[in-house]
S.K.: 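Questions regarding the structure given below will be posed in turn.
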Amino acid sequence: MKKIIFVAAILTSLIHLVNVSGIVSFSAMTIRTFHLMMMLFICFWSFLERSQQWSKLNRFIRSLEAVLALISGVYILVRWESITSSGGVTTKLDILVGILAIFLVLEATRRATGFALAIISGLFLVYPFIAPYLPSILKGKGYTLSRVTAFLFTSTEGLFGIPIGVSSTYIILFCIYGAFLSEFGASEFLYKFALSITKNVTAAAAKTSIIFSALVGMISGSAAGNVAITGSLTIPMMIREGYEPVKAGAISAVAATGGQIMPPIMGAAAFIMAEIIGKPYVHIMRAAVLPAILYFLSIFIIVHLEAKRIRFKVHEKEEVSFYRVMKEGWYFIIPIVVLTYMLVIGFSPFKAAYYSILSLLIVHIVSKHKVDKDLVFKILNALEKGARDTVPIAIACAASGIIVGVLSLTGLGVRVSSLIFVFSWGNKLLALIWTMVFSIILGMGLPTTAAYLILASVVAPTLVKMGVSLLAAHMFVFFFGCISTITPPVALASYVAASIAKADLNKVGWTAFKYGLVSFVLPFMFVYGSTLLLEGTLFNILFSIVFSIIGVLAIAASIVGYFKGDLKLWQRFLLFGAGMLLIKEGLFTDLVGLLIVSFIYVLKPKTKEGIS
């Protein structure tokens with residue numbers, strides 16, 4: 001069973017690499033169908049690896065699901081050309097296979113991502129049949145089973161729509177890219193690099209965690225995965241330094257969540273955003289730079305002020321020489337630079353990832369001065385890991401395809417969008433608040449990709465109609481979809497961190513929520529001021545950067561309760577308000593915010609005797 005998965009995963013990765021390289025170019029429908037077919041097969045077959053205690057019947061059912069995934073994929077590959085040439089005419093067999101494919105996607109969603117997305121997809125799937133019987137704004141035209149199935153299975157609006165298209169091009173390539181970096185030792189290099197620049201400073205362990213998470217997040221873009229990679233190393237280190245397990249887990253969760261908004265990769269949802277709004281990916285990446293920097297700066301300042309407040313001593317860390325770290329792992333910098341440079345000059349993201357992988361192999365061979373068996377094994381393992389890491393994201397994209405397809409077929413998205421408009425009474429701020437609430441609720445328990453796809457289809461159009469720019473509207477829902485991973489009651493990143501820290505789940509979740517409060521402010525600010533998205537004149541952008549940094553400092557100080565010394569409650573409220581004014585674009589608000597910060601600073605609050 002392991003050999004079958006190994007071969008299937010490597011074959012999947014190779015086909016996608018060959019397609020991107022241009023050696024053999026497949027049509028969009030062909031690569032999407034192949035991609036979904038193999039992701040379903042790997043998903044179902046992977047469970048057989050861990051099913052030694054299952055009954056023969058259960059093992060037979062799982063095997064049958066894997067085989068049926070292949071059959072349904074091959075069927076649509078064979079039938080696709082005939083269906084399109086006939087103008088979309090389908091047969092009863094097409095509908096039966098389509099029903100099977102939809103069922104397999106829902107079952108795989110339940111297994112790969114959990115019940116939440118599977119239930120939501122199922123509810124959307126039921127809607128076309130019960131729409132005539134629903135009240136008020138939800139009432140709509142009813143559809144037959146054949147019509148719904150044909151739309152979802154034999155068109156590019158459902159299972160094989162934009163979500164799976166992005167997964168079959170951008171996402172799998174970057175998963176393979178991340179797997180190559182991981183397999184060749186990039187994670188260890190990035191950890192030592194972060195450690196080398198934070199040694200012998202206040203709260204060194206926490207700052208190492210933040211920098212490490214930012215660096216890993218640049219190439220992974222998964223909050224829970226980022227916590228698993230970085231937290232296993234940095235959370236025990238923070239606890240040894242003196243942090244409570246709850247705070248150590250919270251810092252790791254917040255830092256890891258920032259990886260989803262940190263260029264150049266920014267997680268899978270950013271690639272889908274580029275496709276939906278029709279802008280080059282580099283435009284999305286540029287818009288996210290300053291919010292990402294402010295996000296990480298806020299948590300960096302929070303841990304520093306927290307350490308100052310409780311009088312952390314500077315601990316001598318293990319000797320990690322920056323020079324030695326760079327000497328041993330310099331070649332990991334090159335593929336990251338190649339990736340970023342190619343994205344900036346206009347290459348497609350998957351071309352950039354492809355050539356970055358090639359550059360990694362070249363510099364690895366040059367640094368080792370030879371090609372050995374280990375290189376071959378590392379390549380094969382990276383190809384396997386890349387495909388397997390793509391599975392939960394690809395399955396989530398397929399499930400999202402069902403949701404987007406139903407919204408497109410029935411017009412439900414327009415009606416829900418109108419509902420938000422009604423609830424907000426046409427007020428932009430209220431609409432943004434409702435959007436934030438919807439985004440966080442939908443994001444709880446869902447992968448960021450799936451949450452963003454739903455929000456982009458249902459909620460973002462309302463913001464655009466109310467005068468919010470297309471980019472700002474999508475960045476707004478993207479941001480809140482990301483930070484839902486640290487928002488209780490369901491905070492996936494916080495839960496992973498809590499398990500590593502062996503701390504209470506809810507306490508870690510609420511502490512992470514508090515540390516991440518700046519991230520709840522930023523989306524509102526870049527809706528009302530485009531300079532945070534690096535749009536506008538150079539002077540205005542630089543002006544906004546300076547005052548936004550001061551604003552982040554003010555909010556961080558208010559959260560910790562320390563600014564040159566312990567702050568009283570009213571001083572914390574004033575600083576928080578000042579921070580929001582400073583982040584908001586506008587000369588008057590900046591001056592008022594700066595006056596408040598200066599006033600608190602001049603007061604020189606007394607420093608409380610803390611603990612070491």
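Only heavy atoms go into these numbers, but all of them, side chains included; no hydrogens, no water, no symmetry mates. Please read all numbers here as calculations on a predicted model, not as lab measurements.
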S.K.: Tell me, do Leu360 and Val338 make a side-chain contact under 4.5 Å, heavy atoms counted?
M.R.: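 They are not in side-chain contact.
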S.K.: Kindly say whether Cys175 contributes a backbone atom to a donor-acceptor pair with the side chain of Asp389 at under 3.5 angstrom?
M.R.: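 No; judged by distance alone, with no hydrogens or angles, the pair does not exist.
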S.K.: Nearest 0.5 angstrom please: Ile299 CD1 to Tyr295 OH, how far?
M.R.: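 The CD1 atom of Ile299 sits 7.0 Å away from the OH atom of Tyr295.
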S.K.: Looking at Ser209, is its backbone amide N or carbonyl O close enough to the side chain of Thr234 to form a donor-acceptor pair, meaning the two atoms are under 3.5 Å apart?
M.R.: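 It does not hold such a pair.
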S.K.: Can you find a heavy atom in the side chain of Ile483 that is under 4.5 Å from one in the side chain of Phe513?
M.R.: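 Not touching, per the 4.5 Å side-chain cut-off.
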S.K.: Hey, what do you get for CZ (Phe478) to OH (Tyr452), rounding to the nearest 0.5 Å?
M.R.: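 Interatomic distance, Phe478 CZ to Tyr452 OH, rounded to 0.5 Å: 8.5 Å.
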S.K.: Within the side chain of Ser46, is there an N or O that forms a donor-acceptor pair under 3.5 Å with the backbone of Ile42?
M.R.: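 The answer is yes, because a donor-acceptor pair under 3.5 Å joins these two groups.
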S.K.: Report yes if the side chains of Ile555 and Ile583 come closer than 4.5 Å at any heavy-atom pair, otherwise no.
M.R.: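 Yes. Closest side-chain heavy atoms under 4.5 Å.
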S.K.: Heavy-atom distance under 4.5 Å between the side chains of Phe6 and Leu383, does that happen here?
M.R.: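 They are not in side-chain contact.
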S.K.: Just by distance, do the side chain of Ser167 and the backbone of Ile164 share a donor-acceptor pair under 3.5 Å?
M.R.: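 No; judged by distance alone, with no hydrogens or angles, the pair does not exist.
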S.K.: Got a donor-acceptor contact below 3.5 angstrom from the Ser13 side chain to the Ile10 backbone?
M.R.: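 Pair absent, no side-chain N/O of Ser13 close to backbone of Ile10.
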S.K.: Which atom pair, heavy atoms only, marks the closest approach of Cys482 to Ile261?
M.R.: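 Distance-wise, the nearest heavy atoms are SG-CG2, 4.0 Å.
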S.K.: Between Ser544 and Asn540 (side chain of the first, backbone of the second, donor and acceptor by atom type, cut-off under 3.5 Å), is there such a pair?
M.R.: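 Absent.
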S.K.: Between Ile5 and Glu384, is there a side-chain heavy-atom distance shorter than 4.5 Å?
M.R.: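 Yes, side chains in contact.
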S.K.: Mind checking the CG-CG spacing from Leu159 to Leu40? Nearest 0.5 Å is all I need.
M.R.: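 That separation rounds to 9.0 Å.
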S.K.: At their closest point, which heavy atom of Phe520 faces which heavy atom of Gly516, and how far apart are they?
M.R.: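 In this case the closest contact between Phe520 and Gly516 is CD1-O, 3.4 Å.
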S.K.: If you take all heavy atoms of Ile301 and Ala556, which pair is closest and at what distance?
M.R.: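 Shortest heavy-atom separation between Ile301 and Ala556 comes out as CG2-CB, 3.6 Å.
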S.K.: Sub-3.5 Å donor-acceptor pair from the side chain of Thr12 to the main-chain atoms of Ala8, do we have one?
M.R.: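 Judged by distance alone, yes, a pair lies under 3.5 Å.
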S.K.: Before giving the answer on ring-ring contact (aromatic ring centres under 6.0 Å, His included), spell out for Phe476 and Phe524 the whole-Å C-alpha distance, their side-chain angles and the decisive distance to 0.1 Å.
M.R.: CA-CA 7 Å; Phe476 187 89; Phe524 287 90; 5.3 Å; yes
S.K.: Please check: side-chain N/O of Thr33 versus main-chain N/O of Met29, any donor-acceptor pairing under 3.5 Å?
M.R.: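 Yes: the side chain of Thr33 pairs with the backbone of Met29.
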S.K.: Where does the angle between the aromatic ring planes of Phe526 and Phe479 fall among parallel (under 30°), tilted (30 to 60°) and perpendicular (over 60°)?
M.R.: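 Because their plane-to-plane angle is over 60°, the rings of Phe526 and Phe479 count as perpendicular.
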S.K.: If I compare all heavy atoms of Ala248 with all of Ile235, which pair ends up nearest, and what's the gap?
M.R.: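 In this case the closest contact between Ala248 and Ile235 is O-CG1, 4.0 Å.
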S.K.: List the residues meeting side-chain contact (heavy atoms from CB on, under 4.5 Å) with His283, not counting sequence neighbours, and say none if there are none.
M.R.: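 By the side-chain contact (heavy atoms from CB on, under 4.5 Å) rule, His283 matches Lys279, Pro280, Arg286, Leu471, Glu535.
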S.K.: Got Phe189 and Leu181 here, is their nearest side-chain heavy-atom distance under 4.5 Å?
M.R.: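 They are not in contact (no side-chain heavy atoms under 4.5 Å apart), so the answer is no.
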S.K.: Are Ile15 and Val24 side-chain neighbours, meaning at least one heavy-atom pair lies under 4.5 Å?
M.R.: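 No. Closest side-chain heavy atoms not under 4.5 Å.
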S.K.: Does some side-chain heavy atom of Leu294 sit less than 4.5 Å from a side-chain heavy atom of Val518?
M.R.: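 No - every pair of side-chain heavy atoms lies 4.5 Å or more apart.
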S.K.: In terms of the angle between their ring planes, are Phe41 and Trp45 parallel, tilted or perpendicular, with boundaries placed at 30° and 60°?
M.R.: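 If you compare the ring of Phe41 with that of Trp45, the planes turn out parallel.
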S.K.: Can you tell me how far the CZ atom of Phe26 sits from the NE2 atom of His16, to the nearest 0.5 Å?
M.R.: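 Taking CZ in Phe26 and NE2 in His16, the distance rounds to 9.5 Å.
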S.K.: Taking the six-membered ring for Trp, are Phe547 and Phe543 closer than 6.0 Å centroid to centroid?
M.R.: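 Ring centres of Phe543 and Phe547 closer than 6.0 Å.
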